[in-house]
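Structure first, then comments.
Computed from a predicted model, the values in this text were never measured in an experiment. All chains are named by letter (A, B, ...) in the order of the sequence lines, taking the proteins before the strands, and each is independently numbered beginning at 1.
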Amino acid sequence: MTVPNPHEPTPVSAPVAYDPSTVEAKWQRRWRERGTNHTDLAGGDRPFYALMMFPYPSAEGLHVGNLFAFTGNDIFGRFQRLQGHTVFEPLGYDAFGIHSENYALRIGEHPMRLIPRNIANFRRQLERGGLMVDWRYSVDTTDPRYYKWTQWVFLKLYERGLAYKKKAAVNWCPNDKTVLANEQVINGACERCGAIVEQRFLEQWFFRISEYAERLLNNLDRIDWSETTKTAQRNWIGRSDGAEIEFAVMGTGNREPGTEARRSSGSQFPVPGSPSIRVFTTRPDTIFGATYMVLAPEHPLVERLTTDEQRADVEAYRERTKRQDLVSRKVNKEKTGVFTGSHAINPATGAPIPIWIADYVLMEYGTGAIMAVPGHDERDFEFANVFSLPIVRVVADTDDNEQTPLDAPFIDNTSGRLVNSGQFDGMPVPEAKRAITEWLASRGAGQAVVNYRLHDWCISRQRYWGPPIPMIYCDACGPQPVPEKDLPVTLPDIEDFRPDDSGVSPLARHEAWYIVPCPRCGGKGRRETDVSDTFLDSGWYFLRYPSADRDDVPFDPELTRKWLPVNSYIGGNEHAVLHLMYSRFITMVLHDMGILDFEEPFTRFRAHGHITRNGAKMSKTKGNIVNPDQYYEEWGADTFRTYLMFLGPYEEGGDFRDQSISGVRRFLDRLWASVAESTTEGSPDVDVLRKLHQTIQKVTDDIPRLAYNTAIAAMMTYVNVVRQGERTPHREELEPLVQLVSPFAPHLAEELWEQLGHRESVFDSGWPKYDPELAREQLIDLAVQVQGKMRGTIRVRPDVTQEEALKTARETPSIARFVTGEPKKVIFVKGRLLNIVV
RNA sequence: GCGGAAGUGGCGGAAUUGGUAGACGCGCUGGACUUAGGAUCCAGUGGGGAAACCCGUGCGGGUUCGAGUCCCGCCUUUCGCACCA
């Protein structure tokens, strides 16, 4: 054994290098043991609910896009905790729906077996990512303990008269063999599979979301949401201010064969009891220019209005448009239509105008009928040209009130004045809108009306993988809601769950399941065999999390009062008009029923951006999907998290490049090394401390703005400062940095915090305070311009006066050479710049 | 067509309010240490020029002492919605 020579310096053992897999395993275990991520729901004061959109647990496993979204939310949540809030950051699974079912069908496995496996895999990947999730309060929408309450929500809407069944033209996907909501039809094709959607007439359950249109629109003004999301919702709700106008119909040739068409009454205005057509228009001011009318082909009045002469043509046209798919209808720009043979009377001019049918008028919007003003509407103009219908100009473009020449195709303006409009001539358009609406109203021919694009929400799905709609049909008693005590209506575990083309759910093939006693009379009843839309599952899940361990109530009133509405919600903008609209609607309904004391579920919402890879969209077919497991393995979760946040502004997303990850890992390595080398001897360097406090300020400002990329950049800069030169960093220079970095790299921060001698979790240590005194620079480089051109900088105190700065600048040769003669003018921005104008 | 967002080095991106354009990172170049380096460290890195300087934020105008930022007119990309009366 060799005795160490006391004169030789004892060899310092090389610091242990940063090994993420060891550190991360250690802290995940420690968090579990200590319950670090548990939220004291009942006790915590200053509650903060940091919600992220829950994922659909696909068989492929966690997508990097999910992780990007969750990490951003996790950073925000951890930051709030460090600021002293009790943070609740739950996560669950949105596992019902066609997506899961189709996949199950494809691989020939039952979703009841498949989904739990996917969830287990998701859970493993999510935990590996280091999220501050309290897994004791998770939800799985396919768990009867959850969908019991989804069915309860349905019953509440039914009780309120907001759920109703009607036979309706619905979007039918021939591939997925189910009905789709309007929101799920993109350009006439199924959002999911891309198949061309057909129209079918089926009995469907609807929610009366359209009754809430005005509130859904108005409340947008007072919630703190991403503007892009609010705009999308406003457009989707699509409020139009206009008028409904009634046009009297002249007798049809059918009743008086062989005679001239005659007015049904002596008046140009409709008479109660006589046939009339109601139209919606946003331009009542143009009524003097209405030279014909158009009804949607499926309009109920078409039957009566069609003359014998025209019947064959009309029937043929109706048949053709019915079978026509939506895509060719929308893409096809040429106008088609057929004359019904009947005429209506323009209530403004008293002139008879022909009534046509055409598929450019949609039954679903307004009244399904329009007054056509080809002089001022592009579509009407095109139609009028195809069928040689008269075009009358009633708004003049110019101030001189002269009729604009008709060689202009049409004028779509609202700044002109009326012409050819009788007593309204010369009136500006906005004024004429009001005046003409009033004039028509006074004669019983119309009224001001607001119309919305938003339609009622069809929730019926003729599929298997969803919560059965809790209704029972009894021949004697009619439709009966399933009593609350009988919930849940359990989805049976059947092998044959394949959808067919019959228009009914696979459940309709299972008599043993659907034949039940009527809850009212006890006689033979039949269950509703459709299941509900998966957007109903996600329409209320945020209410469930705090009460996820309770079976007696959907959500505990006290916990709900404490934790809701959600303080911060982060998710993808692809849900701007689906999930986010439905959630608001359901919350409003429950509020109106006295069940919730707030009507907006998400106080703040931010849409995150999306990740591309090497500039391209990630997709399975391109094979360029980032699999998180691989990166956890190679770089560690902390590096992966931090890298994802460093890609670009969180709300815009960024481009993932494997090559660039190393920079973030280097940063964490350097942070690790700095702590390992740090000393408690002596005192910290004032210049370093100044940078530290500037960094604290920057990071504290950036996180709430979700400017994670610049926060990370600031911390990188600071580590570079700490390590500059040959110096040994002082512990006080590093401790606050470990706190700053902790939301981004939680495992590493915990480890370093422990190495710095702390026993409690870094997440219970608070957020470092920024001291403006310490942050202030002693000397700055003041920019000096001559004639607005940069000519150099001068080193001065930040509070230097204009006179001093000017003097210094003129003594600086490299600047002074540009100043010829006396300055005419001097612009001085304190602490920023000096501009000398000569 | 309507509505939103965005065009900045080789690349991802900085520049909260009109005030030093290109922070931070990748990549690249050179160097140090090395048997070796795809490790680490140091220096450099918008373009042109020997330099003084000049030019540079999609294009064209404008406002201003000063414009990536504001105004007018275009172009391009991208995402929603789309015959919504």
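B/rG9: glycosidic angle within 90° of 0, hence syn.
Note on A/E652: nothing from the nucleic acid sits closer than 4.0 angstrom, heavy atoms only. Residue A/L647 is in sugar-phosphate contact alone, with no base atom involved, counting any heavy-atom pair closer than 4.0 Å across all strands shown. Nucleic acid contact for A/R832: sugar-phosphate only, since backbone atoms but no base atoms lie under 4.0 Å from a heavy atom of the residue. The residue A/N235 sits close only to the backbone: its heavy atoms come under 4.0 Å of sugar-phosphate atoms, none of a base.
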Protein-proximity profile, nucleotides 52-58 of chain B, B/S/- by nucleotide at the 4.0 Å heavy-atom cutoff, equals SSSS---
Classify every nucleotide of nucleotides 21-32 of chain B by which part a protein heavy atom approaches to under 4.0 Å, writing B for the base, S for the sugar-phosphate alone and - for neither, in 5'-to-3' order.
S-BBSSS-----
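The pair A/R705-A/E651 does not count as a salt bridge, with every side-chain nitrogen at least 4.0 angstrom from each carboxylate oxygen. A salt bridge links A/D221 to A/R234: at least one charged side-chain nitrogen sits closer than 4.0 Å to a carboxylate oxygen.
Using cut-offs of 30° and 60° for the angle between ring planes, the A/W457 and A/Y582 rings count as parallel. Using cut-offs of 30° and 60° on the angle between ring planes, the pair A/F68 and A/H608 is perpendicular.
For the residue pair A/N451 and A/S240, no side-chain donor N or O sits within less than 3.5 Å of a side-chain acceptor on the partner. Counted by atom type alone, A/N235 and A/R453 present zero donor-acceptor pairs between their side chains at under 3.5 Å. Using modelled atom types and a 3.5 Å distance limit, the side chains of A/Y770 and A/T695 yield no donor-acceptor pair.
Geometrically, A/R584 does not engage A/W236 in a cation-pi contact defined by less than 6.0 Å to the ring centre and at most 45° from the axis.
Spacing between atom CE of A/M371 and atom P of B/rA85 amounts to 13 Å, rounded to whole angstrom units. Atom CG of A/D702 is separated from atom C1' of B/rA14 by 11 Å (rounded to the nearest Å).
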